[in-house]
Amino acid sequence: MSEQAGHERETYDVDAVQDKWQRVWQEIEPFKADDDSEREKRYALTMFPYPSGDLHMGHAEVTALHDVIARYWWQKGYEVLNPMGWDSFGLPAENAAIRNDAHPADYTYGNIATQLESFQKYGVSFDWSRRFNTSDPSYYRWTQWLFLKFHEKGLAYRKNSPVNWCPNDQTVLANEQVLADGSCERCGAEVTKRELTQWYFRTTSYAQELLDCLDDLQPTWSDKVINAQRNWIGRSEGAHVDFIVEGREEPITVYTTRPDTIFGTTFMVVAVDAALADELVTDGQRPAFEAYRDEIRKASEIERMATDRPKTGVDLGVTARNPVTGEQIPIWATDYVLADYGTGAVMGVPGGDQRDWEFATQMGLPIVRTTQPPADFEGEAYAGEGQTINSPADGVDAPLDINGMPVEEAKKATIAFLAGKGVGEPTVNFRLRDWLLSRQRYWGAPIPIIHCPVDGEVRVPEDQLPVELPELRGADLKPKGTSPLGAASEWVNVACPTCGGPATRDTDTMDTFVDSSWYFFRYVSPKDETQAFDTDLANAWGPIDLYVGGDEHAVLHLLYARFFTKALRDMGLVNWDEPFSAYLSQGKVVNNGRKMSKSLGNGVSLGEQLAEFGVDAVRLTLVFASPPEDNIDWADVSPGGSVRFLQRAWRLSGDVTSAPGTDPTAGDVGLRKVTHKTLHEAEGLVENHRFNVVVARTMELVNATRKAIDSGCGPEDPAVREAVEAVAILLSLVAPYTAEEMWERLGHRPTVARAGWPTIDEALLVEDSVVAVVQIQGKVKARIDVSPDVSAADLEAAAMADPTVEKALEGKTVRKVIVREPKLVNIVAG
RNA sequence: GCCCCGGUAGUCCAAUCGGCAGAGACGAUGCACUCAAACUGCAUACAGUGUGGGUUCGAAUCCCACCCGGGGUACCA
């Protein structure tokens with residue numbers, strides 16, 4: 001028996017153990033990825049942090065989850081690349097520099113040092129030899145080089161367009177960086193529109209592939225993210241249709257997904273802010289049009305996006321000819337049509353589109369139904385399935401007749417007719433826009449382009465990279481609506497690389513999402529000074545086998561990184577189609593049901609938790625609390641419970657009396673079965689990311705081992721050693737310090753993290769007997785012990801012979817017997 | 001509005017193919033230890049699976065409708 005109840009239990013000193021093993025790990029570097037290893041390679045990645053202050057609970061969670069997989073792969077014998085670095089360009093550093101009259105680098109590199117120390121204390125299996133920061137010139141040099149490649153291929157270009165503008169951060173934003181309520185993703189300010197010339201990446205040229213590949217990713221990515229990306233890409237199929245305007249050479253082309261409703265087109269609407277509206281308006285209507293347009297421009301995005309306000313618009317005074325009815329229909333300008341989607345012009349079909357219905361009702365325009373709604377239909381516009389009607393209307397002679405056709409057939413017939421006349425064609429449209437990448441801020445990678453009055457946009461020659469940031473600090477960085485780099489005149493004014501004449505550098509910097517769109521390539525050869533990354537090594541290590549991160553990047557970073565990967569593949573720089581073979585999105589850590597925040601005063605300090613409970617207990621708590629994807633409410637969990645469990649597990653290692661290397665095969669079979677079954681189940685659970693259940697199984701094994709020591713086979717049994725070693729290895733995935741301490745106490749050399757996953761003895765997974773359930777009408781009546789390979793007939797006979805069953809069946813007729821050997825018999829009787 | 005995910009003891013969560021609703025934990029209660037408490041150990045109790053239908057010998061699991069919660073998206077024609 002172990003110590004009697006009531007005595008002080010032996011415990012280990014958490015702080016001392018942490019200090020001890022940190023030193024050992026730094027010395028032996030157990031997680032350095034070897035490029036030349038013969039072992040099969042795995043690439044584990046978690047999103048690198050922005051260096052704002054110290055690490056917080058969110059970092060602790062994602063890292064703890066991610067580390068389970070990385071450490072498991074090492075134990076299973078893979079060579080694992082598990083790198084970490086910093087996404088270190090960005091606004092917080094710049095804003096801090098303005099406040100403190102300092103340089104953004106001060107804030108950035110100070111925080112990086114703090115976070116690095118915290119990560120090391122946290123005991124994560126990162127290969128620190130590969131770390132870098134995106135703000136290092138040795139990194140952003142290659143960000144700029146990639147920009148040049150994109151520019152060469154026509155994937156980076158400049159255009160003038162209405163863009164999202166954040167008045168607080170004083171810079172433009174990409175569509176992805178404006179939230180659904182029209183606020184800035186970064187600072188929450190209300191985003192406005194400006195007409196500006198900006199740099200774009202041609203993400204739309206990969207729209208179809210970005211969408212198609214989601215099918216392959218579906219099994220290994222979270223549904224949420226797949227769904228969000230599908231929505232964001234927003235593919236729709238429809239047709240372009242040309243409408244002729246009297247006295248105008250060019251027809252107006254509209255985009256519609258419902259060409260079958262063309263007979264119901266009673267008007268046309270164009271976006272009020274599109275150039276087309278300005279071109280079309282008659283002199284007579286111009287004053288009204290301009291007044292309307294000014295009014296709309298003044299309205300905020302938030303007002304514009306409200307869908308429940310009445311429709312507004314102005315008649316432009318011109319008409320277009322409906323190509324199937326020949327009727328002249330009025331053309332209106334309105335703000336419910338978007339200038340930058342489709343063609344910025346829409347055929348108004350009030351019978352089939354609710355928005356058009358509202359507009360027609362408001363403006364007194366005619367309404368014609370072209371799809372027969374069901375008899376009980378009570379709505380206004382009808383957009384569902386049904387027979388086509390009024391196409392053409394009774395007694396009207398038209399060149400096309402689609403009456404009676406169901407929607408899909410009518411669409412095809414209409415498109416075929418229009419195409420035959422040369423006034424229409426099938427078209428696919430995407431909601432995805434090109435990625436606006438230029439920013440009017442300082443702390444980012446300068447865009448390596450020189451503007452020359454003679455040669456235009458000239459790429460900075462590759463041998464002149466990096467284009468380093470000029471030294472600006474404090475008040476120089478104050479946002480003023482144009483890039484701070486413009487103030488560095490010595491930096492701005494350069495000779496044109498082509499003609500040698502006076503020219504100026506582009507003064508914008510790149511969106512920091514550009515930096516993070518390719519960082520996972522750089523990790524394969526982080527010190528390479530001759531290229532962005534080594535293609536052979538990238539092909540050997542990648543794509544990333546598991547990427548762990550947060551859902552907030554569902555359509556930002558994850559989409560941009562996918563786009564980059566496809567573009568790099570097409571440049572021959574890598575052979576991956578997709579960067580992340582599997583993606584695990586981790587939940588958030590909240591407190592008392594709410595997001596942690598300063599204003600709510602419910603923040604939980606990671607540092608304090610670590611000081612109170614120790615690294616292992618905090619990590620274990622985060623892994624055990626819930627499935628990885630679910631949020632963890634810190635108010636619901638118990639790090640104290642984790643401490644108790646870890647001490648309990650550790651105590652086992654002190655009870656083992658057999659020598660290291662003792663052959664376990666002579667040990668207690670009962671305990672051995674538990675050990676091997678646990679290891680076997682843990683494999684499947686880890687691979688399916690069910691880390692919380694792995695912890696529960698480990699707890700079971702600890703309980704079973706405790707019982708075996710105290711009241712079973714005793715501490716000297718070789719099966720006990722085997723079980724405790726298995727506990728140490730299982731814990732090495734989650735609680736590295738405790739596992740290491742146990743391993744040492746068991747008489748082994750460090751490190752348990754590379755001890756290797758135990759070989760599972762299949763014979764021990766087979767049960768001698770199983771409990772079969774006998775049901776009558778689906779209700780359990782008896783349990784009988786049977787052999788796991790019992791035949792259906794034997795099991796049925798055994799069930800029928802059971803006294804309880806016999807009794808229950810007295811006087812009844814057995815109608816049917818369902819046998820699912822070896823676990824169940826269900827008797828239907830009456 | 002549309003799309004996706006989820007709803008199991010007081011709480012967090014298990015139940016892998018449709019087959020015994022409970023593995024693990026938190027909290028609670030009791031007992032042991034203690035002068036007492038904390039710690040520790042042992043033990044116990046607590047749900048019929050959001051609601052209503054359906055399929056099935058059998059449903060937490062599949063289907064339909066609805067309710068609640070979370071997320072995405074939204075004049076995208």
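Lettering of chains follows the sequences in order, A, B, ..., and the numbering in each one begins at 1.
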For the side chain of A:R651, counting heavy atoms from C-beta on, which of B:A25, B:A74, B:G41 is nearest?
B:G41
OP1 or OP2 of B:C39 sitting under 4.0 Å from any side-chain N/O of A:T11?
no
Assign a letter to each nucleotide of nucleotides 9-15 of chain B from its 5' end: B, base within under 4.0 Å of a protein heavy atom; S, sugar-phosphate only; -, no contact.
--SSSSS
Taking only the side-chain nitrogens and oxygens of A:K816, find out if one of them lies under 4.0 Å from OP1 or OP2 of B:C57.
yes
Please tell me whether A:N429 and A:S236 have a donor and an acceptor in their side chains that are separated by less than 3.5 angstrom.
no
Between atom CH2 in A:W232 and atom P in B:U73, what is the gap in whole Å?
6 Å
Rounded to whole Å, how long is the line connecting atom CG of A:L556 with atom P of B:G72?
11 Å
If you define the side chain from C-beta out and look only at heavy atoms, does anything of A:R431 sit under 4.5 Å from A:N231?
no
Determine yes or no for a side-chain-to-main-chain donor-acceptor pair under 3.5 angstrom, with A:D434 supplying the side chain and A:T203 the backbone.
yes
Counting side-chain heavy atoms from C-beta on, which of B:G24, B:G72, B:A77 comes nearest to A:V337?
B:A77
Checking A:R619 side chain against A:A735 main chain: does a donor-acceptor pair fall under 3.5 Å?
no
Paired stems touching RNA chain B, three or more consecutive Watson-Crick or G-U pairs with both distances under 3.5 Å?
B:1-7 with B:67-73, B:10-12 with B:24-26, B:28-32 with B:40-44, B:50-54 with B:62-66
Which part of the nucleic acid does A:N703 contact within heavy-atom distance under 4.0 Å: base, sugar-phosphate only, or nothing?
sugar-phosphate
N-glycosidic conformation, B:G27 - syn within 90 degrees of 0, else anti:
anti
When you compare B:A60 with B:G54, how far apart are their P atoms, in angstrom units rounded to a whole number?
15 Å
Which whole number of Å gives the distance between the C1' atom of B:G52 and that of B:A45?
32 Å
Nearest-angstrom distance, P atom, B:A37 to B:A28:
15 Å
Look at the aromatic rings of A:F691 and A:H689 and report parallel, tilted or perpendicular, splitting at 30° and 60°.
tilted
note: A:D340, atom CG; B:C75, atom C1'; distance rounded to Å ~ 13 Å
Pairwise P distance, B:U11 and B:C2 [rounded to whole Å]
31 Å
Quantified in whole Å, what is the C1' atom distance between nucleotide B:C63 and nucleotide B:C26?
37 Å
Once you measure the plane-to-plane angle for A:F359 and A:W332, does it fall in the parallel (<30°), tilted (30-60°) or perpendicular (>60°) bin?
perpendicular
Kindly point out which of B:C76, B:G58, B:C3 is positioned nearest to the side chain of A:N826?
B:G58
Distance check needed: B:G6 C1' versus A:D633 CG, whole Å only.
16 Å
Between B:C26 (P) and A:W634 (CH2): distance, integer Å:
14 Å
Gap between atoms CG and P, on A:D356 and B:A77 respectively (whole Å):
12 Å
Distance-only polar pair, side chains of A:S391 and A:T370, donor-acceptor under 3.5 Å
no
Residues in side chain to side chain contact (heavy atoms under 4.5 Å, CB included) with A:A682, at least two apart?
A:V694, A:L730, A:W757
Is B:C17 in the syn or the anti form, by the rule that syn lies within 90° of 0?
syn
Rounding to an integer number of angstrom, what distance separates B:U49 and B:C33 when you compare their C1' atoms?
40 Å
Given RNA chain B, 5'-ward residue of the pair A:S638 and A:R258, judged by closest heavy atom:
A:S638
Quick one: do the A:W634 and A:Q609 side chains pair a donor with an acceptor below 3.5 Å?
yes
Whole-Å P distance, B:G30 and B:U16:
37 Å
Identify which nucleotide among B:C57, B:G27, B:C75 has an atom closest to any side-chain atom of A:R644, counting heavy atoms from C-beta outward.
B:G27
Sticking with atom P, work out how far B:U51 lies from B:U44, rounded to a whole angstrom.
29 Å
N or O in side chain of A:Y255 less than 4.0 angstrom from B:C76 OP1/OP2:
no
Does A:Q647 reach the main-chain N or O of A:Y12 with its side chain, forming a donor-acceptor pair under 3.5 Å?
yes
Could you check whether A:N703 and A:R648, counting side-chain N and O atoms only, form a donor-acceptor pair closer than 3.5 Å?
yes
Per atom distances to the A:A228 side chain, the nearest of B:C4, B:G24, B:G72 is B:G72
Side chain A:Q354 and base B:G1 donor-acceptor under 3.5 Å:
no
Send over the distance from A:R230 CZ to B:C3 P, rounded to a whole Å.
15 Å
Among B:G24, B:C75, B:C4, the one nearest any side-chain atom of A:E700 is B:G24
For a quick check of understanding: with a heavy-atom distance under 4.0 Å over all strands, which category does A:R235 fall into, base, sugar-phosphate or nothing?
nothing
Any base atoms under 4.0 Å from A:R648, or only sugar-phosphate, or nothing? Heavy atoms, all strands.
sugar-phosphate
Expressed in angstrom and rounded to an integer, what is the separation of A:Y336 atom OH from B:A74 atom C1'?
16 Å
Give one of base, sugar-phosphate or nothing for A:S236, where a contact means two heavy atoms less than 4.0 Å apart.
sugar-phosphate
Are any side-chain N or O atoms of A:D335 and backbone N or O atoms of A:I296, one a donor and one an acceptor, separated by less than 3.5 Å?
no
